[in-house]
Amino acid sequence: MKIAIMTDMEGVAGVVNAIDWIYPDSRYYETGKELLTREVNAAAEGFLAVCPKAEIVVMDGHGPGAINQLLLDPRVEYQRGWGPGPYPLALDRWYDVIAWVGQHPKAGTERGHLCHTQNFDVIDCQINGISVGEFGQCMFVAAACGVTPILACGCKAFAAEAEELVPGIETVTVKEGLMTGSGEECDFDEYRIRNASAIHKHPETSRKLIRDGAERALRRYLDSPESFRPAQIG
């Protein structure tokens, strides 16, 4: 069993806004990396409870990187960089399943916390008429490779996005964005600060939910892989 965990930073419980948390010069950047790494460890713990010999590769998908390798579970491996192609083309058929931890919703998502697609100046991205964010882009690559999406962790709006594209996917909600509207009227700087309002679960509570969600997802995949139904590109 080989498992990919795709990570980002904006969907982590306790990562409050963009300016103070997600950039290398942000004052809470190292704290944000720790919060993400511990959420990843929780997912790994859940997966390994089901399949102790699973190979788990943690793909650091945040722009400048966001995993603290000194805190990362020693039973997993760490990947940075995407090989010969751009994000997320390092995925291949060697993986059985893929999970997302710390993922944010696509640009323009109502009540999406820190939502964007690649950066804060994108209104929408579509593949064959299907509106997608970073999750959707990665999911379609995974599905094309025969890798089953089984778990999506982030804010409540991201969970809804994942469920729409992958009916049956296990989701874990660690916070809930509060901002209404799409923000299409904003420029880069305005949009970057627009969607910072949210109610966060405590990090320890979030980790337990992620750990349990990962265990449920992998058990269900082993019992009934057909229960995960990723959308296909027409």
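FYI, side chains are in, hydrogens and waters are out, and symmetry mates aren't considered; it's all heavy atoms of this structure.
- Heavy atoms from other residues, nucleotides or ligands lying under 6.0 Å from CD of Glu77 number 12 at most.
- Defined by atom type and a distance below 3.5 Å, a donor-acceptor pair is missing between the side-chain atoms of His200 and Glu176.
- Sorted by first and then second residue, the pairs that involve residues 39-52 and meet salt bridge (charged side-chain N to carboxylate O under 4.0 Å, His left out), not counting sequence neighbours, are Glu45-Arg211.
- Classification of the Tyr221-Phe228 ring pair by plane angle, with boundaries at 30° and 60°, yields tilted.
- In summary, Glu190 and Arg194 do not engage in a salt bridge, as defined by a charged side-chain N under 4.0 Å from a carboxylate O.
- Contact of the Tyr95 side chain with the Ile3 side chain is not registered, since no non-hydrogen atoms from C-beta on lie closer than 4.5 Å.
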All N/O donor-acceptor pairs, side-chain side in residues 152-164, below 3.5 Å, sequence neighbours left out:
| residue | atom | partner | partner atom | Å |
| --- | --- | --- | --- | --- |
| Glu161 | OE1 | Lys106 | N | 2.8 |
| Glu163 | OE2 | Thr171 | OG1 | 3.0 |

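- Environment of OH in Tyr78: crowded, with over 12 heavy atoms of neighbouring residues, nucleotides or ligands closer than 6.0 Å.
- The shortest distance between side-chain heavy atoms of Asn195 and His116 does not fall below 4.5 Å.
- In this structure, Thr117 and Asp124 have side chains that are not in contact, with every pair of non-hydrogen atoms separated by 4.5 Å or more.
- A salt bridge is absent between Glu204 and Arg207; no separation between the charged side-chain nitrogens and carboxylate oxygens falls under 4.0 Å.
- The pair Arg220-Asp223 does not meet the salt-bridge criterion, since no charged nitrogen lies less than 4.0 angstrom from a carboxylate oxygen.
- By the 4.0 Å N-to-carboxylate-O rule, Asp96 lies too far from Lys2 to be salt-bridged with it.
- The nearest pair of heavy atoms linking His113 to Val15 is CE1-O, 3.3 Å.
- Under the 4.5 Å side-chain heavy-atom criterion for Ile, Leu, Val, Met, Phe, Trp and Tyr, Leu114 and Tyr191 are members of the same hydrophobic cluster.
- Using modelled atom types and a 3.5 Å distance limit, the side chains of Glu10 and Gln103 yield no donor-acceptor pair.
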